[in-house]
Amino acid sequence: MPYPAYMEESIHKVAATRPSRLEETFSRIPQAEREDLVNEFHPDYKKEYLRELKIGPNKGSLAPDEIADLLEGNSRIDPDEVNLDDVDYDVDVLVIGCGGAGGAAALLAEENGARVLLATKLRLGDANTVGAQAGTQAADRPNDSPLLHYLDVMGGGHFTNDPDLVEALVKDAPDAIRWLESLGVNWDKEPDGSYHELSGGGTCRRRMHSCRDYTGLEEMRVIRDEIRQRHMHGRTLDFVEFQPAIELILDDKGQVAGAILMNLETREMTIVRAKAVVIATGGMGRIHIQGFPTTNHYGATADGLVLAYRVGCPLIHIDTMQYHPTGAAFPVQILGLLITEKVRTLGAQVINRDGDQFVHPLEARDTEASAIIRECKQRGKGITTPTEEIGVWLDSPMIDIIRGEGTIARELPAMVRQFARFDIDITKVPMLVYPTLHYQNGGIMIKADASAPVPGLFAAGECEGGVHGRNRLIGNSTLDLFVFGRRAGKSAAKWAKEVKLGKFTLDHVRKWQREIKEAGLESRPVSPMLLPNYAKHEKPVPGFQPLGEATAYTPFGDATSRWI
Amino acid sequence: MADATTVKEKAEQEVRMVDIYVTGKRYKVPEGLTIQTALEYCGYNIIRSCGCRAGFCGACSTIYNFTHDPTIRYGLACQTRVEQDMVITQIPFFPAAQALYNLEDLKPEEGENKLLTLYPDIIICFGCNNCTKTCPQDLEVMEFISDAIRGDIEKVYQKSFDCLMCGLCAARCPQGLQPYNIALAARRLRGAHLTTRSQHNEDRIKEIEKGKFDAAIEKLKKADEAELRRMYAAREIEPAL
Ligand SMILES: Cc1cc2nc3c(=O)[nH]c(=O)nc-3n(C[C@H](O)[C@H](O)[C@H](O)COP(=O)(O)OP(=O)(O)OC[C@H]3O[C@@H](n4cnc5c(N)ncnc54)[C@H](O)[C@@H]3O)c2cc1C
Ligand code: FES
């Protein structure tokens, strides 16, 4: 038995209610109630974890503590020690970060005639993008339309989205799917060539395009290969890995003019001059807001927000994060990792310890997550694990019951494999789940052409905000990457052709450090954070300078005694 | 929240520590950690060999055996639990060569095997099956290389689709082949050239280009929140399939 013996009774109850649940349709929560639920239980609404920013363009507005620490952080460089004339790369467009958004931006910038450098923190494609399992939205079926997609996006975002950005998102979507296909992405298809589309939380039509449950991996493999191929062909697209950006460079007219990169291994700096910069650094899960575990990759540390904020770029909706309703709560080795929404899309229901359904499986994410938190924290109907995590059941075996044996194996190979590694057969027993930190809803403010308010700066993907308002729907982020990634690449190439740069400067960094001092914030960490510091040292390490900060979460639990 | 049984269960559980050897050096770590978190537990600040931490990116390829059993084993550090006497080393990068191509030119003529043109060396595969035994995703690597030799792109796609491109198969191939790159070329070729285009999607793209939805979207953009909420609530929801 893969689960501890004491959970068996509850697992039996889940099995016992399957026949009746096959008949039952749990109704969705009405709008008004939904907002109350979210207000009371969603982590975003816990005032004690938010604070007012003291400096910078968002001064006076709220941000989660962990983000505020980084935004108000100290620069990693001393401007007096940097020689900006010692240029290592001189390009038209610098793209920072190679996930889906950065990759798409680099390809489009190059196609539009720019000399491009793509600088990324880990390997090309080590990014949140590879983790995307469920799919990418686009309204292409005859009973669907960009208008319905628009309504879904706005409703999901509580009507706080920027309408121009939503329009761009839904109108570019079908073409983004086609573009990926033309690069060799293998979408799941029907025999006649039309896409095999599923619904997702908060969508009113079946609109999710998938590649089994490795959608983001497939998108990323293809984009990364195209980047390598163009580079090998001697086209004007170069890339550097393990070399994150740590500060932007401006010119004396306040235009963005490049960036300073740092070699993660030697810690040497590289000076890049660029006429336009695209930030595509992704999300922030690894800063572990409120100590939550996360679905995000190792390098998701909100670096892009910090880079943009320091050159005076405002951020939007930065106080709202997405907690994915179904992170793994057991076994502890995969704590917080994503259990794709596709599991619910295919028919798995969310069940409490008594075997009862308590929420419709496809509510919008904030609602679904809040309902699970309420079930565990208020109603006491969760199951506690040996490491004191708490969770409810996600009843995967229902999928094969509803759709026929073999469906789980065919549609969810990644999930089957992940649990099988820990001796859990999800075709036979449910998974234990709890919300996990998943996505940064807000971010760098942009317009529909992906330009940010600071001239020469562009942003795309998870690091920008406004597209999804205060809550992103499934499948709209991987869409966002290829809509705004492509737009950013094109816009940046265009801007680079027109702009006349002045004299290069790091005065903004000097000014920033002065402001920190005046506000009494010198004790803030250095930022961007680059990587979380998970290394455990029992004794002090002489001269040890971690790359990033320790977080409230450690991957091996609070204490060794928690380990089984 | 913990009920009595849980607490009791926990009290009964003692943390067992196991010995592991990180590139030969011995450490004691709690049983149950993954290789990746065990390294962090030992005080290592990982830079290479770590990406998604979830079994999706192939950054954390690891080779291990046991002090008492020299058989070499392979795994993803983020998905493999440490065991007593495990001897571990990571392979963060493998210098595998890649063929140069333009996707456009990969469009196969009738009866032509583009994969052989790109990777003529694949015919020297002598079937040792090391690649298959190595694959942390348990893919039938050698089989899809045979499929590639025969030009059966569909089978290569089917069998290789879950590949994370960790590179271990190339590291182990005595003939110096790069199965993961070969499969990638096959899949891109299939996606771009061998599947039927979606007519719905082509139609929709044309409609959008012609501005069919522009006026209605403009109206939505101008609608006040109450109106949008009303329309949102009134959407008819298609069953999940
Ligand atoms: C497990 C998981 C499952 C998901 N499933 C779905 C789904 O099914 N559908 C969907 O639409 N969305 C999904 N999402 C969300 C979506 O995948 C991400 O929001 C999206 O891929 C982000 O893409 P990006 O290009 O903006 O950022 P990323 O893909 O994270 O790429 C950012 C890149 O920037 C690099 N970087 C960071 N800082 C720096 C720096 N300082 N300098 C240089 N480089 C830097 C990073 O290393 C990384 O390579 C999922 C996310 C996760 C984590
Ligand atoms: S870190 Fe991505 S597969 Fe292990």
Side-chain angles (χ1 to χ4, degrees), chain A residues 4 6 31 122-123 126 130-131 140-142 146-147 150-151 154-155 159 163 167 171 174-175 177-178 181-182 184-186 189 193-195 198-199 204-206 212 214 217 221-222 225 232 264-265 297-298 333 337 345 384 386 390 413 418 421 534-537 546 555-556 560-561 563-564, chain B residues 1-2 5-6 9-10 13 15 30 32-34 37 40-41 43-45 47 50-57 59 79 81 100-101 103 157 161-162 165 184 187-192 195-201 204-205 208 213 216-217 220-221 225 228-229 231-233 235 237-238 240-241:
Chain A
Y6 72 88
Q31 180 83 13
L122 300 165
R123 303 177 311 169
D126 282 344
V130 287
D140 59 48
R141 288 172 56 244
L147 301 167
Y150 185 100
L151 275 178
M154 292 298 283
F159 307 96
E167 176 184 19
K171 274 170 56 175
D175 189 51
I177 298 288
R178 178 171 71 178
E181 187 165 335
S182 73
V185 165
N186 289 276
K189 287 189 160 193
S194 59
Y195 301 114
L198 294 171
S199 9
C204 69
R205 291 289 183 276
R206 291 192 277 114
R212 297 194 187 166
Y214 285 108
L217 176 67
R221 285 187 302 216
V222 162
D225 189 44
M232 291 193 303
L264 273 190
E265 284 153 325
H297 84 116
Y298 192 37
Q333 289 87 354
L337 295 191
T345 307
T384 309
I390 192 166
Q418 187 149 56
R421 281 176 176 137
Y534 290 150
K536 174 174 174 296
H537 293 140
F556 27 82
T560 47
S561 64
W563 283 89
I564 47 166
Chain B
M1 194 58 40
T5 37
T6 335
E9 279 264 339
K10 258 194 350 209
Q13 275 154 0
V15 193
L33 296 188
T34 61
T37 49
E40 286 162 341
Y41 184 87
Y44 287 79
N45 238 296
I47 292 178
C50 185
C52 63
R53 302 180 70 101
F56 278 86
C57 77
Q79 298 293 300
R81 277 172 284 190
L100 185 67
Y101 49 81
L103 195 61
Y157 154 77
F161 192 79
D162 299 0
M165 307 195 59
L184 174 67
R187 289 192 307 270
R188 286 192 67 189
L189 191 164
R190 177 187 182 272
T195 57
T196 315
R197 290 281 163 272
S198 161
Q199 198 52 48
H200 297 158
N201 199 41
R204 183 55 42 83
I205 291 169
I208 292 171
F213 305 99
I217 287 195
L220 282 178
K221 283 170 70 183
E225 191 177 320
L228 273 180
R229 278 180 188 271
M231 295 172 80
Y232 181 70
R235 291 166 315 152
I237 298 197
E238 179 180 32
L241 193 76

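The sequence lines fix the lettering, A, B, ..., with proteins before strands; numbering per chain opens at 1.
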- prompt: Are the aromatic rings of B:F213 and A:Y150 close, with centres under 6.0 Å apart?
  reply: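 Judged by ring-centre distance (under 6.0 Å), B:F213 and A:Y150 do not meet the cut-off.
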Can you say whether [X] sits under 4.5 Å from chain B via the side chain, the backbone, both, or neither, judging by heavy atoms?
| X | value |
| --- | --- |
| A:L217 | side chain |
| A:L122 | side chain |
| A:S182 | backbone |
| A:L337 | side chain |
| A:V222 | both |
| A:M154 | side chain |

Euclidean distance, B:R229 CZ relative to A:Q31 CD, rounded to 0.5 Å: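 Between A:Q31 CD and B:R229 CZ, I get 5.0 Å after rounding to 0.5 Å.
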task: With rounding to the nearest 0.5 Å, note down the distance linking OH in B:Y41 to NE2 in A:H537.
output: 12.5 Å
task: Mind checking salt bridge (charged side-chain N to carboxylate O under 4.0 Å, His left out) for A:R123 and listing every partner two or more places apart, or none if nothing turns up?
output: A:D126
- request: Taking salt bridge (charged side-chain N to carboxylate O under 4.0 Å, His left out) as the test, write out the residues that go with B:R188, two or more places apart.
  value: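 B:R188: salt bridge (charged side-chain N to carboxylate O under 4.0 Å, His left out) contacts with A:D225, A:E226.
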Any side-chain to backbone donor/acceptor pair from [X] onto [Y]? Under 3.5 Å, distance only.
| X | Y | result |
| --- | --- | --- |
| B:Q79 | A:Q418 | no |
| A:K189 | B:T196 | yes |
| B:H200 | A:P142 | no |
| B:E238 | A:R206 | yes |

For residues [X] and [Y], report the shortest heavy-atom separation together with the two atoms involved.
| X | Y | result |
| --- | --- | --- |
| A:N186 | B:R187 | ND2-O, 2.9 Å |
| A:R212 | B:Y157 | NH2-O, 4.5 Å |
| B:K221 | A:P163 | CG-CB, 3.8 Å |
| B:G43 | A:A535 | O-CB, 3.6 Å |

B:L220 portion near chain A, given a 4.5 angstrom heavy-atom threshold: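 Contact with chain A involves both backbone and side-chain atoms of B:L220.
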- request: Sort B:L184 into side chain, backbone, both or neither according to what part of it lies under 4.5 angstrom from a heavy atom of chain A.
  value: side chain
message: Can a side-chain donor-acceptor contact be found between A:R178 and B:N201 if the only test is distance below 3.5 angstrom?
response: no
task: Give the member of A:R221, A:R205, A:K171 that has the highest number of heavy-atom pairs under 4.5 Å with chain B.
output: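 The candidate making the most pairs under 4.5 Å is A:R221.
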- prompt: Among A:G131, A:P146, A:S194, who wins on heavy-atom pairs under 4.5 Å with chain B?
  reply: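 The candidate making the most pairs under 4.5 Å is A:P146.
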message: Tell me which of these, B:C57, B:A216, B:G51, has more heavy-atom pairs under 4.5 Å with chain A than the rest.
response: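 Looking at each of B:C57, B:A216, B:G51 in turn, B:G51 comes out on top.
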- prompt: Which one, B:L103, B:T195, B:I47, B:L189, leads in non-hydrogen pairs under 4.5 Å with chain A?
  reply: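 Result: the option with the highest number of such pairs is B:I47.
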